[in-house]
Amino acid sequence: MKCPFCAYTESKVIDSRPAEEGATIRRRRECLSCGKRFTTYEIIERLPLVVIKRDGSRQTFDKVKLINGMVRACEKRPVPLSALEQIGDDIEQELQGALEREISTTEIGEMVMDRLKDVDEVAYVRFASVYRSFKDINTFMEELTKLLKQKESGGAAN
């Protein structure tokens, strides 16, 4: 590690500790030439996830865009932002853990809907209406009917 003060390449680690809930490691170092101390962070290098959009174009996965879509669906609903951030984290972690480096927006949308359904049904229907491009009221009603049937069968199992 190159010293930011004198550019000497040798330093010793004085202290190491986890940071950002264990996602990174913070290291305090001391330059062996000038004796000044500096901090470095070690992070896991992740391979980029590529999202294949409906038009066939590709772009890098962006968790912020994912969360913003859920925030719009949850507008004026009693859903805490922390719950949406957790969903975003869970989906990102699941995608990073998968062997595929490319994923379609369709698959991501299904993952979001599966989780939103358990958090807030109105937000789920809002998200589904945009995601599935509901054409008319009949398509909307079909989705609501499906949701009600799932709720009834889930309720009967308890």
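Count residues from 1 along the sequence.
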- Working to the nearest 0.5 Å, report the span between CZ of Arg17 and OG1 of Thr24. 12.0 Å
- Task: Hey, could you give me the CG/CD distance between Leu95 and Gln93, rounded to the nearest 0.5 Å?
- Result: 10.5 Å
- Message: What's the separation between atom CG in Leu116 and atom CG in Leu84, rounded to the nearest 0.5 Å?
- Response: 7.0 Å
- Task: Measure across Arg29 and Ser11 and return the closest heavy-atom pair with its distance rounded to 0.1 Å.
- Result: NH1-OG, 3.5 Å
- List the atom of Asp55, the atom of Ser57, and the distance in Å for their closest heavy-atom pair. OD1-OG, 2.6 Å
- Is Arg27 close to Met1 at the side-chain level, that is, under 4.5 Å between some pair of heavy atoms? no
- Query: What distance separates Ile25 CD1 from Glu42 CD, expressed to the nearest 0.5 Å?
  - Reply: 5.0 Å
- Item | Distance-minimising heavy-atom pair for Asp114 and Asp118 | O-OD2, 3.6 Å
- Task: Start with the C-alpha gap between Val50 and Arg101, add the side-chain angles, then the distance that decides, and say whether side-chain contact (heavy atoms from CB on, under 4.5 Å) holds.
- Result: CA-CA 6 Å; Val50 176; Arg101 301 307 336 142; 5.9 Å; no
- Task: Might you work through the side-chain contact (heavy atoms from CB on, under 4.5 Å) test for Val79 and Val71, ending with a clear yes or no?
- Result: CA-CA 9 Å; Val79 179; Val71 166; over 6 Å; no
- Query: Hey, are the side chains of Val112 and Phe127 touching, using non-hydrogen atoms and a 4.5 Å cut-off?
  - Reply: yes
- CG-CD distance between Leu49 and Glu100, expressed to the nearest 0.5 angstrom: 11.0 Å
- Message: Hydrophobic clusters here meaning ILVMFWY residues chained together by side-chain heavy-atom distances under 4.5 Å, can you tell me if Phe61 and Ile52 are in one?
- Response: no
- Message: Could you check whether any side-chain N or O of Arg115 sits under 3.5 Å from a backbone N or O of Asp90, counting only pairs where one atom can act as donor and the other as acceptor?
- Response: no
- Query: Val13, Phe5: one ILVMFWY side-chain cluster at the under-4.5 Å cut-off?
  - Reply: no
- Inspect the surroundings of NZ in Lys53 and state if more than 12 heavy atoms from other residues, nucleotides or ligands are less than 6.0 Å away. no
- Cys34 versus Cys3: any side-chain heavy-atom pair under 4.5 Å? yes
- Item | From Ile91 atom CD1 to Leu66 atom CG, the distance as rounded to the nearest 0.5 Å | 5.0 Å
- Shortest non-hydrogen contact from Arg26 toward Ala19: CB-CB, 4.2 Å
- Query: Linking I/L/V/M/F/W/Y whenever any side-chain heavy atoms sit under 4.5 Å apart, do Leu81 and Met70 land together?
  - Reply: yes
- Note on the structure: Heavy-atom nearest pair, Phe38 first then Cys31, reads CE2-N, 4.2 Å
- Task: Answer with yes or no whether the hydrophobic clustering places Ile14 together with Leu32; edges join I, L, V, M, F, W, Y residues whose side-chain heavy atoms lie under 4.5 Å apart.
- Result: no
- Message: With a 4.5 Å cut-off on side-chain heavy atoms, are Thr145 and Glu142 touching?
- Response: no
- Should Ile87 and Met111 count as side-chain neighbours, where that means a heavy-atom distance under 4.5 Å? no
